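Residue numbers start at 1 and run along the sequence shown. Source: prediction; values computed, not measured. Just so it is clear, the values below take in all heavy atoms, side chains as well, and ignore hydrogens, waters and symmetry mates.
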Amino acid sequence: MDIYSLGIWGIGGIGKTTIASAIFNKISSHFDNSFFIENIREESKKSSGLAHIRQELFATLLEDRNLNINIPSFNHNFESKRLRRKKILIVFDDVSHFEQIESLIGNLDWFMPGSLIIITTRNKQVLKNCGVQIIYEMKGLVEADALKIFNRHTFKQGHPNADYNELTNKLIQYAQGVPLALKVLGRFLHGKSKEDWESAMEKLKKIPHNKIQKVLKISYDGLDDEEQNIFLDIACFFKGANKNIAIEFLEASGFSAKIGISVLIDKCLIMVSSNTITMHELLQEMGKEIVRQESVDDPGKRSRLWHHKDIYEVLTYNTGTKAIQGISLDMSEIEEISLNFNAFKKMRKLRLLRFVGENKCKLSRNFCGSRFSAVRYLHWHGYPLKSLPLNIHPENLVSLELPYSDVQQLWNGTQNLVKLKQIDLSNSQQLMKLPDLSKARNLENLILECCSSLVEIHSSIQYLNKLTILNLNHCKSLESLSASIQSESLQILYLSGCSNLKRLPEISSSRNIGVLFLDGTAIEELPSSIDGLSRLVTLNIRNCSRLEQLPRSICKLKSLKYFNLSGCTNLQRLPDEFGNLDDLRRLEAERIGIKELPSSFVCLKNLDEVFFERFRGHEHMGFLMPISLSLDGLQSLRSAHLIDCGITELPENLGQLSSLEHLYLEKNNFKRLPESIINLSRLQVIVLSYCERLQSLPTLPSSLYYMDANQCRSLESLSDLSILFSLRESSKYYQIFKLTNCFKLDRNELRKIAEDALYRIRLIVTTLWKEQDQTYSYGFGDEICYPGSEIPEWFKFRSTESSATLELLPGWFNNKFMGFAFCVVVSFPSNNIHESQQQDYGVWCDFKFKTDQDGDDHWQVASSMSVGKICYVESDHVILAYHFRMFCEDDHYIYRNETTQHYNLQFDLIDLQSEERVDDQVVKKCGIHLLYAQDFEESVKHRTRSLSIDEEEEKHLQLKRLRTDDCITQI
């Protein structure tokens with residue numbers, strides 16, 4: 001058994017000591033001796049250092065008060081041998097340096113196996129140096145736990161005063177789960193009025209609480225000068241920024257950014273997630289307060305400015321000084337700001353200038369002569385001048401971002417741009433050309449998206465060997481690029497929407513390109529050398545209408561996963577070797593002229609999704625499937641969209657597509673589905689709408705939960721659909737079956753659908769009751785739509801209108817109530833709603849109860865729910881649906897009322913686009929059925945009647961007890 005070690009790491013005030021204490025108290029009795037050393041960081045600052053603590057530690061562990069411990073010679077002492085015979089527990093709390101551990105015990109190997117050492121620290125590197133086996137990072141409390149701590153210290157109880165709920169929530173958000181902040185703020189606000197709370201919140205927006213600030217600042221004070229500057233730059237400017245961009249700026253500022261950021265991460269001052277720098281908001285506020293304290297009354301003397309009021313004051317009144325290193329202004333916070341020549345005159349150390357949002361700067365005539373000699377990072381959204389300021393020094397620039405600017409030309413001639421990593425001039429619609437960039441040898445990102453006046457790209461671009469991203473999307477005036485792009489670093493090339501670009505430059509030497517977008521260009525061919533792009537993953541040539549063929553060499557792209565050639569209307573065929581694209585996962589080929597797939601297509605073993613659709617100009621073409629070939633090579637195909645392809649026959653071996661889950665076959669010409677479809681054991685969705693020649697359906701796989709056969713006008717017979725209504729694992733999804741406008745279906749077939757639906761309800765309700773399954777809580781059930789004008793007889797409550805009113809006695813809403821079944825008959829008035837709209841409508845049910853207000857009866861909506869969706873239908877259609885446990889017993893007290901209650905269910909048709917009710921009488925009939933699992937109490941009486949049904953039938957609807965009826969099977 002080894003000696004165990006645990007490190008607890010996190011920011012100040014996060015609860016490291018608290019959790020270490022809890023562990024210590026719980027397990028210390030299992031050890032021979034134990035010792036908890038508190039606040040080592042502070043103790044080490046005392047004149048005696050840690051000697052007195054070391055003496056106390058070993059005296060306790062060895063149970064000998066006469067010891068005189070000297071760490072260097074302790075290893076050979078008799079006492080050290082005694083120590084190795086004891087299983088001990090030690091907690092070293094708030095360790096800031098590895099040397100503190102060395103001073104106290106030398107190393108962690110002097111104790112008996114089974115001993116446990118716990119170290120709490122703000123610095124992860126301490127734990128690494130100690131060789132700690134397990135490092136646990138303390139996170140902020142979840143909201144519920146944070147609320148408990150805050151309430152305990154603020155209200156001295158577990159729940160807040162209701163009047164303070166909104167303010168409490170704001171403070172919980174401010175504390176971000178830090179226990180120290182919750183306790184300090186809670187104690188501070190205890191017993192204070194709401195006005196005091198609101199005042200405190202306003203102050204916290206500007207100045208952090210001093211006790212919280214003091215604790216958090218300890219980690220900052222332990223940094224060297226360079227690390228402190230890096231932290232302040234991140235707190236003020238780079239929280240949420242890309243790590244690489246921040247590093248480039250910081251290194252251009254003369255800092256050792258990579259190791260500095262590593263130190264900040266180890267000390268839990270920042271985090272990096274998905275290459276994005278983040279930090280706790282309290283730490284960010286702490287950093288900003290440190291800057292504010294540099295000059296409390298005069299923001300012009302601070303090193304960094306971010307608050308719009310401070311920036312407005314400094315730039316308007318020219319009070320800036322050489323202390324200012326960075327300015328970041330959110331222009332949405334101001335109405336307008338006037339800048340003159342002198343605004344930046346004294347800011348000789350200004351490294352960062354960032355104006356974000358719609359430009360609101362009004363510049364004087366001589367502003368172009370402003371001095372920006374030290375600026376490394378320039379971001380100015382909507383920059384209003386035609387060129388850069390004369391006194392900017394391009395050789396210092398790391399990032400130049402001028403999106404939506406009025407720039408026509410950056411500068412004349414060739415500039416020394418050795419530090420420049422990024423240029424972003426996106427949406428600068430007056431930009432006509434780029435300058436010579438031959439000396440920008442470190443440029444990585446060039447973003448020129450939507451520069452609609454850009455006619456040419458300087459030939460120097462071909463020599464930018466570190467260029468990683470080139471974005472020229474929607475540069476509509478661009479007719480050509482340089483003869484070649486030779487950057488071996490290029491990974492992403494965007495040319496989407498360059499509608500005048502007829503020729504792709506030679507890029508075969510850029511072997512690292514992984515993403516190539518050419519969609520919407522005027523290219524007529526792809527170069528045969530495209531096979532040189534050995535790492536190409538995504539190729540998009542969508543809407544390249546002049547492209548007539550693909551080179552055979554494209555089939556050598558072994559890394560290609562995503563290929564989009566939709567809208568290539570003149571593309572007549574795919575290369576015979578297309579099946580050699582071994583790694584292809586997604587193929588989009590909609591609105592193309594292909595008539596037949598090459599036989600090698602069935603070899604695409606990794607193909608996951610495929611999309612085919614005929615081009616409208618080629619309606620006479622029939623898309624030919626590989627009928628005679630085995631399909632088991634398409635072993636990964638999960639989703640197939642074969643829409644309006646003129647398919648007249650489907651392969652008999654369709655059932656070989658063992659992974660298929662979604663099959664879309666709308667608007668095709670086949671008459672039948674192959675019997676082998678039953679073998680598609682994973683099939684969940686099949687769409688057959690507008691297959692107007694389809695005559696019959698075979699037995700479908702039981703995994704299916706969505707079928708749409710709208711406008712299958714020749715459909716006459718269905719297989720036994722009862723298999724689809726059986727209860728199985730996949731029935732956790734609610735099932736939808738649409739047979740709208742299938743007018744040739746036999747009445748017996750339609751009657752069978754209603755019977756099968758009843759059978760499924762029996763199974764589900766019984767199963768839910770037996771298993772107490774919560775999966776269906778407050779959920780949708782099935783939705784079935786078919787031609788018809790009658791409510792099935794098993795619906796107990798029926799109405800010949802769009803609503804039904806029920807009268808229920810106490811006890812109807814009990815723990816055996818499982819939900820509702822609904823049925824409506826819908827008919828569209830032909831004069832108002834037309835099939836050409838091709839849109840969906842929703843049937844909505846409002847569940848209302850009657851209240852007595854001021855002696856008058858009122859209907860109040862208790863719940864609203866969707867019954868189903870329906871497209872335009874030419875005659876009466878039935879929609880059958882059900883919901884399980886749609887009411888929450890705790891919230892809907894009205895259903896447990898001790899007196900007889902009146903309820904009204906109103907069904908309306910909703911236009912899903914406008915979300916407005918359709919005024920016409922569309923819902924002609926409705927039916928409601930209450931679903932119960934079983935009645936165990938004979939004494940409970942249940943009486944109900946529908947006010948919309950004749951009085952003579954009323955007495956036949958009274959129920960003598962809540963019991964299982966013909967809709968529910970007995971358990």
Pairing donors with acceptors under 3.5 angstrom, does anything connect the side chains of [X] and [Y]?
X      : Y      : answer
Glu401 : Gln422 : yes
Ser428 : Ser405 : yes
Glu506 : Ser529 : yes

In the structure I gave you, are the side-chain heavy atoms of [X] and [Y] within less than 4.5 Å of one another anywhere?
X      : Y      : result
Thr276 : Asn242 : no
Ile643 : Leu665 : no
Asn275 : Asn244 : yes
Asn580 : Leu557 : no
Asn668 : Asp644 : no
Asn500 : Ser477 : no
Leu571 : Glu548 : no
Phe344 : Leu350 : yes

Charged N-O contact under 4.0 Å between [X] and [Y]:
X      : Y      : answer
Glu588 : Arg586 : yes
Glu577 : Arg552 : yes
Asp233 : Arg304 : yes

Please indicate whether [X] has more than 12 foreign heavy atoms, meaning atoms of other residues, nucleotides or ligands, lying under 6.0 Å from its [atom1].
X      : atom1 : result
Lys239 : NZ    : yes
Lys349 : NZ    : no
Met432 : CE    : no
Glu333 : CD    : yes
Lys386 : NZ    : yes
Glu358 : CD    : no

Q: Just do the side chain to side chain donor-acceptor pair (under 3.5 Å) check on Arg351 and Ser253 with the steps written out, would you?
A: CA-CA 7 Å; Arg351 297 178 288 124; Ser253 299; 2.9 Å; yes
Q. Can you name the side chain to side chain contact (heavy atoms under 4.5 Å, CB included) partners of Asn512, sequence neighbours left out?
A. Arg535
Any residue meeting side chain to side chain donor-acceptor pair (under 3.5 Å) with [X], in chain and number order, not counting sequence neighbours:
X      : result
Asp583 : Lys561, Arg585
Lys309 : none
Asp310 : Arg302
Arg348 : none

**Q.** Test log, rule side chain to side chain contact (heavy atoms under 4.5 Å, CB included), inputs Val685 and Leu663
**A.** CA-CA 6 Å; Val685 174; Leu663 181 57; over 6 Å; no
Q: Might you work through the side chain to side chain contact (heavy atoms under 4.5 Å, CB included) test for Leu516 and Leu533, ending with a clear yes or no?
A: CA-CA 10 Å; Leu516 177 58; Leu533 305 182; 4.2 Å; yes
Any idea which heavy atoms bring [X] and [Y] closest together, and the distance?
X      : Y      : answer
Leu464 : Ala440 : CD2-O, 3.4 Å
Asn340 : Phe367 : O-CD1, 3.7 Å
Leu607 : Val610 : CD2-CB, 4.1 Å
Ser545 : Thr569 : CB-OG1, 3.9 Å
Leu425 : Cys451 : O-SG, 3.1 Å
Leu581 : Ile554 : CD2-O, 3.4 Å

Rounded distance [0.5 Å steps], [atom1] in [X] versus [atom2] in [Y]:
X      : Y      : atom1 : atom2 : result
Cys361 : Leu329 : SG    : CG    : 6.5 Å
Leu501 : Cys544 : CG    : SG    : 9.5 Å
Leu305 : Ser303 : CG    : OG    : 8.0 Å
Leu446 : Leu400 : CG    : CG    : 10.5 Å
Lys605 : Asp582 : NZ    : CG    : 5.5 Å
Lys258 : Lys243 : NZ    : NZ    : 8.5 Å

Suppose we screen for ring-ring contact (aromatic ring centres under 6.0 Å, His included). Which residues come up paired with [X], at least two apart in sequence or across chains?
X      : result
His641 : Phe611, Tyr664
Phe237 : none
Tyr404 : His381
Phe255 : none

Q. For the residue pair Trp380 and Tyr383, does the interplanar ring angle fall in the parallel (under 30°), tilted (30 to 60°) or perpendicular (over 60°) class?
A.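 The rings of Trp380 and Tyr383 stand perpendicular, inter-plane angle above 60°.
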Q. Within the side chain of Gln415, is there an N or O that forms a donor-acceptor pair under 3.5 Å with the backbone of Leu417?
A. no
Q) Is a side-chain N or O of Ser452 found less than 3.5 angstrom from the main chain of Lys476, in a donor-acceptor match? A)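 Absent.
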Q.
Please evaluate residues Ser453 and Gln430 with respect to the criterion side chain to side chain contact (heavy atoms under 4.5 Å, CB included), reporting the C-alpha separation (whole Å), side-chain torsions for both, the decisive distance (0.1 Å), and the verdict.
A. CA-CA 6 Å; Ser453 298; Gln430 297 187 45; 5.6 Å; no
Q | Qualifying ring-ring contact (aromatic ring centres under 6.0 Å, His included) pairs with a residue from residues 555-580, counting only residues at least two apart or across chains | A |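 Non-adjacent pairs meeting ring-ring contact (aromatic ring centres under 6.0 Å, His included): zero.
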Q. Which pairs pass side-chain hydrogen bond (donor to acceptor under 3.5 Å, both in side chains) with one or both residues in residues 490-499, sequence neighbours excluded?
A.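 side-chain hydrogen bond (donor to acceptor under 3.5 Å, both in side chains) check on residues 490-499 returns Asn473-Ser496, Ser496-Asp519.
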Q) Could you give all pairs that pass the salt bridge (charged side-chain N to carboxylate O under 4.0 Å, His left out) test and reach residues 426-454, with sequence neighbours left out? A)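 Counting only pairs at least two positions apart or across chains, no salt bridge (charged side-chain N to carboxylate O under 4.0 Å, His left out) contact touches residues 426-454.
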